[in-house]
Student: 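Supplied in structure tokens, the structure appears directly below.
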Amino acid sequence: MTPFEMPADETAARAVQDELRGRVVLDEPGPEPGTGLVTGVDVAYDDERDVVAAAAVVLDAATLAVVDEATAVGRVTFPYVPGLLAFREIPTVLAALAALTSPPGLVVCDGYGRAHPRRFGLASHLGVVTGLPAIGVAKNPFLFTYDEPGPRRGDFTPLLADDGEEVGRALRTQEGVKPVFVSVGHRVDLATACAHTLRLAADYRLPESTRRADALCRRALREATT
DNA sequence: GCGACAG
DNA sequence: ATCTTGTCGC
């Protein structure tokens, strides 16, 4: 487990990304969809009091039943800077993951992995630091472009960087609903990442893992703040 | 130089 | 992310 480094400024943060990017593993297919465990992680903030709450929810990949969950509350130690989201979210997320009883299995992040200006987003960073397979499922295309995928669940189009690289996919998880943006984090290939996302988003646009983690970290923040 | 920009 | 009522629809 590579330690998480909290840089002093943005320049140092980018240097950390460049250094860690070389440790991302892209040639493993990843966990078989529908088997084992899948863990959703998410974070909520109270900017007024500089409080941050993270949640990790472990699901049985076959049934989507909740197997375990944990939360962690901390102080905001890094501002939101596009491209540097990991430094704001990961410290507390790591604490929540450490508080789990169950092993996490595949980690599903609310954000990007490879689809990142420096090709090292939140999911890549969390994957490298923990050594766990990780993927990113985001709600917006950020600085990438895509053609509208077909209307059916499972339809997808490539998410393209300005240099033409396919950094992820715009994946339709629900008929006639805006697609989600899937990218590889660590130790999972893109097709497998999309297969997991589709299974996890059987009933809603977003994966059940992130929906559960989102609800839990909001509750944890409210209870820590109230 | 200025604006845009995952959460 | 967060600020936020009612409202449309299953």
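Both backbone and side-chain heavy atoms feed into the values below; hydrogens, waters and symmetry mates do not. Chain identifiers are assigned alphabetically (A, B, ...) following the order of the sequence lines, protein sequences preceding nucleic acid strands; residue numbering begins at 1 within each chain.
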Student: NA contact type, A:Leu159, heavy-atom cut-off 4.0 Å: base, sugar-phosphate, or nothing?
Tutor: nothing
Student: Round to a whole Å and report the spacing from CZ of A:Arg118 to P of B:dA6.
Tutor: 17 Å
Student: For C:dA1 and A:Arg218 - does any side-chain N or O of the residue sit under 4.0 Å from the phosphate oxygens OP1/OP2?
Tutor: yes
Student: What contact category does A:Gly83 fall into here, base, sugar-phosphate, or nothing, at under 4.0 angstrom with non-hydrogen atoms?
Tutor: base
Student: For a quick check of understanding: with a heavy-atom distance under 4.0 Å over all strands, which category does A:Ala115 fall into, base, sugar-phosphate or nothing?
Tutor: nothing
Student: When you look for runs of 3 or more Watson-Crick or G-U pairs in a row, both distances below 3.5 Å, which of them include DNA chain C?
Tutor: none
Student: Among residues 7-23 of chain A, which contact DNA chain B at a heavy-atom distance under 4.0 Å?
Tutor: none
Student: Would you mind classifying the nucleic acid contact of A:Tyr45 as base, sugar-phosphate or nothing, using non-hydrogen atoms under 4.0 angstrom?
Tutor: sugar-phosphate
Student: How does each nucleotide of nucleotides 4-10 of chain C score, in 5' to 3' order, for protein heavy atoms under 4.0 Å: base (B), sugar-phosphate only (S), or none (-)?
Tutor: -------
Student: State which of B:dG7, B:dC5, C:dT2 makes the closest approach to the side chain of A:Leu143.
Tutor: B:dC5
Student: Can you tell me the distance, in whole Å, between the CG atom of A:Asp42 and the C1' atom of B:dG7?
Tutor: 8 Å
Student: If you look at every strand shown and take non-hydrogen atoms under 4.0 Å, does A:Asp46 touch a base, only sugar-phosphate, or nothing?
Tutor: nothing
Student: Separation of A:Arg88 atom CZ from B:dA6 atom P, in whole Å?
Tutor: 13 Å
Student: If I take atom CD1 in residue A:Ile135 and atom C1' in nucleotide B:dA6, what distance separates them, rounded to the nearest angstrom?
Tutor: 15 Å
Student: For side chain to side chain donor-acceptor pair (under 3.5 Å), just list the numbers for A:Thr225 and A:Arg49, CA-CA rounded to whole Å, side-chain angles, deciding distance to a tenth of an Å, and then say yes or no.
Tutor: CA-CA 8 Å; A:Thr225 296; A:Arg49 316 183 189 198; 5.1 Å; no
